[in-house]
Each structure stands twice: as structure tokens, then as C-alpha cells.
There are 2 protein chains.
Amino acid sequence: MRPQKIDDAKLIEGLMSVLQSKGFEGASLNDLAKATGLQKASLYHRFPGGKNEIAVMVLEFVYTWIKDNIYLVLTEKGVAPATKLQRAIQHTKELYQNGEKSCILNALSLDSGLVAVGDQISKIMLLWMEAFTALGVEQGFTAAQAKAKARQSLVLVQGSLVLSKGLSDPSHFQKAMVDVKMLFTNE
Amino acid sequence: MRPQKIDDAKLIEGLMSVLQSKGFEGASLNDLAKATGLQKASLYHRFPGGKNEIAVMVLEFVYTWIKDNIYLVLTEKGVAPATKLQRAIQHTKELYQNGEKSCILNALSLDSGLVAVGDQISKIMLLWMEAFTALGVEQGFTAAQAKAKARQSLVLVQGSLVLSKGLSDPSHFQKAMVDVKMLFTNE
DNA sequence: GTCTATAGCTAGATAGAC
DNA sequence: GTCTATCTAGCTATAGAC
């Protein structure tokens with residue numbers, strides 16, 4: 001077998017970057033090929049299902065990323081809640097390059113007739129909220145309070161990214177990260 | 001001249017609906033034609049600049065709508081702030097069909113190389129925040145506080161719409177509307 | 001596993017009849 | 001002002017050499 005020109009991790013990263021900024025319909029195979037350094041036909045070798053499969057694989061990667069960097073961080077035993085929150089927020093900042101990048105869950109939410117993609121998006125959002133709900137409960141909030149805060153944290157992230165993009169000003173995301181911290185700060 | 005098959009208002013409404021749900025790249029001229037009952041060539045007669053001009057005109061309509069239904073409502077003299085807020089929230093619910101529809105500002109935010117569209121989106125977002133800032137100031141908040149609340153109100157709307165879409169659950173938008181009200185409720 | 005070349009189609013956009 | 005018919009470019013996807 002020939003050696004891979006680009007390993008799976010870098011490949012997914014490049015594909016994700018294009019889908020994130022252009023959306024599913026806006027991302028052409030030429031765009032995706034250019035971003036990865038591969039030719040279109042090579043992408044079909046890696047992803048026989050074409051662009052559809054690429055989107056599914058990228059979202060699978062995002063699910064795993066959120067599980068490792070948000071869910072497992074926030075549900076780890078023996079670590080102070082404030083510390084875990086700080087870590088999760090730091091990872092979130094890295095994921096969105098401090099507000100410079102928009103969210104792929106949002107970018108792939110537009111109607112494109114792909115049921116699988118919609119299911120993945122909701123799975124990821126639910127995982128995020130589950131993680132922050134667990135944090136809130138650990139902090140002593142009631143289940144209902146924790147669930148509300150978890151929802152608000154996701155609203156803050158998604159909404160602020162929309163503003164940062166629409167106004168070309170990442171400070172909206174940065175301010176929202178402060179608000180997320182406040183949400184889970186017991187005073 | 002032949003009579004218009006569809007008047008400008010209904011035309012823009014139909015075009016907006018498609019752009020809102022499919023985005024700029026996802027909305028084909030066939031989609032737009034079908035939604036309006038016109039043929040593609042007829043759309044080009046109404047909008048010689050093609051899809052690009054359609055998007056610009058739709059966003060111009062949205063700007064006017066926000067001005068009339070949010071900005072002018074919130075800055076009207078001689079009406080109690082709480083009343084004005086209630087009205088603006090009601091209009092917002094109508095605009096997004098209580099969380100069933102997503103925001104066209106978000107849908108058209110994906111990179112498509114259209115500078116004019118980006119400028120319009122930021123103009124509309126700024127108008128929204130200006131309106132809510134005025135409300136906050138009238139209620140006695142400091143300028144900085146009012147500005148922060150205005151930003152948060154837009155974050156709540158945009159973020160909750162992303163959740164409502166991603167989770168196929170408009171209740172997230174509805175809860176956010178309650179949060180917006182709380183934001184500007186002096187207790 | 002990657003590539004060039006190309007098939008087959010649909011997109012956006014235009015011409016011209018009525 | 002709306003329509004049918006059509007052009008060209010770009011798209012997704014495939015075939016087959018290396």
C-alpha cells in the first residue's frame with residue numbers, strides 16, 4: 001500500500017475547518033480537497049460515501065472531542081468543581097479559537113435533508129448539557145436548577161458565536177465565557 | 001405591462017423563508033422559484049442581480065422589520081418600559097414562529113464571499129442592541145449595564161434558536177424569551 | 001493510496017416569445 | 001411581467017492508470 005499523504009487526524013481537522021466556515025452546501029469537494037492537500041478522488045477513497053460521509057465522520061470526531069474535553073473533564077471524580085469548570089472553559093476557548101471560529105453544529109444545522117447529521121448534532125448538544133448538569137448538581141444546585149444552567153451555558157456559547165461571527169468581533173464570545181463561569185459560581 | 005403574479009411583500013416573504021431554512025448556498029433558484037410560484041427567469045426580472053441581490057433585498061426587509069417592530073417599539077416615548085419590552089418580545093416570537101424557525105442572520109452568516117451581506121447582518125444586530133440598550137438606560141441601568149443586557153438579549157435569542165433547531169425543540173427559544181424578560185426586569 | 005481524466009448532472013444565469 | 005428553452009460553469013461522483 002502507498003503511504004497516506006495525510007493522517008486521519010489532520011484530515012478530519014482540515015475537513016472540519018471547511019465545513020465549519022462554509023456549511024454543508026457551501027463546502028465543495030474542491031474546497032475540501034484543497035484544504036487537505038488531497039485530490040477529490042482520494043477523498044472518495046477515504047470516504048466512499050462522499051461529502052455526506054465526510055460530514056458524518058467530522059461530527060463523530062466532534063462528539064468524541066466533546067466527550068473527552070468537556071464531559072469527562074466535568075464529571076471527573078476528586079477534582080474541585082471550580083477547577084473542572086475552568087478546564088472545560090479553557091477547552092471551549094481552544095475549540096472555537098477564542099471566538100474566531102464558528103460552531104460546526106450550527107453550520108451543519110441548515111436544512112440539507114441529512115437525517116443522520118441532525119441526529120448527531122442533537123446527540124452532541126445533549127452530551128454538553130449532561131456534562132454541565134452534572135457539574136451543577138455536584139455544586140449543590142437542584143436538578144432543575146442545574147439543568148437550566150446547563151442549557152444556558154450552551155445558549156451562551158452558541159449565541160455568542162453567532163454574534164462574534166455576525167459582528168466580526170470575537171469579544172462577544174469571550175464575554176460569554178465569563179458569563180458561563182458566573183453561572184456556575186456559587187456566591 | 002402584465003400584472004404581477006405575486007406582490008413584493010409576499011415575494012420577499014417566500015424568498016426569506018427559503019433562505020432562512022437552507023442558507024445562501026443551500027437555497028437554489030429552483031427552490032426560490034418554487035416557494036414564490038414564479039419561474040427562475042421571472043425572479044431575474046424582479047432581481048436582475050440574481051441570488052445575491054435576493055439575499056440583499058431580503059436582509060433589507062429584515063432591517064426594516066427590526067426597526068419597525070423592535071427598535072421603534074422600544075424607543076417609543078410615553079410608554080412604560082415593561083409594556084414596550086412585552087411588545088418587542090411578542091414581535092420576536094412572531095418573527096421566529098415561537099422557536100420553530102431559525103434566524104436568517106445566522107443562516108446567511110456562513111462564508112459565501114458576499115461582503116454586502118455581512119455588512120447588513122452586522123447593521124441589523126447593532127440595531128437590535130441599540131434598541132435594547134435604550135430600554136435599559138430608560139429603566140435606570142447605567143450605560144454599561146444596559147449595553148451588556150442588550151448584548152445578552154441578542155445572545156439569548158440567537159443561541160436559543162440554535163438549540164431549538166439542533167434539538168428540534170422550540171421550548172429552548174421560549175425559555176430564552178422568559179430570560180430576556182428577566183434581564184430587563186428591575187426587582 | 002493517490003492521481004488524472006471524465007462522466008453526468010444541476011446550478012446560476014440569459015435569450016427571446018408572448 | 002411571465003414564460004419556455006437553453007447556455008455554460010461548477011458540482012458530485014466514478015473509472016482506471018500508477
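Please read all numbers here as calculations on a predicted model, not as lab measurements. Each chain gets a letter, A, B and so on, in the order its sequence line appears, and its residues count up from 1.
Judged by distance alone, the side chains of S171(B) and D169(B) do bring a donor and an acceptor atom under 3.5 Å apart.
In terms of modelled atom types and a separation under 3.5 Å, the side chain of K51(A) and the main chain of L29(A) share no donor-acceptor contact.
OP1 or OP2 of dT4(C) sits under 4.0 Å from a side-chain N or O of Q39(A). Between S42(B) and dG1(D) there is no side-chain polar atom (N or O) within less than 4.0 angstrom of OP1 or OP2. Checking the phosphate oxygens (OP1, OP2) of dT2(D), no side-chain nitrogen or oxygen of H45(B) falls inside 4.0 Å.
The aromatic rings of F184(A) and F141(A) stand perpendicular to each other, their planes meeting at an angle above 60°, with 30° marking the opposite boundary.
F47(B) has its CZ atom 16 Å from the C1' atom of dG12(C), to the nearest Å. In this structure, CD of E53(B) is placed 15 Å from P of dG12(C), rounded to the nearest angstrom. Rounded to a whole Å, the CG atom of L32(B) is 11 Å from the C1' atom of dG12(C).
Here the straight-line distance linking atom CG of D68(B) with atom OH of Y63(B) works out to 10.5 Å at 0.5 Å rounding. To the nearest 0.5 angstrom, K175(A) atom NZ is 11.0 Å from S160(A) atom OG.
The shortest side-chain heavy-atom distance between N52(B) and F47(B) does not fall under the 4.5 Å cut-off.
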5' to 3', nucleotides 5-18 of chain D under a 4.0 Å protein heavy-atom cut-off (B base, S sugar-phosphate only, - none) gives ------SBBBB--B
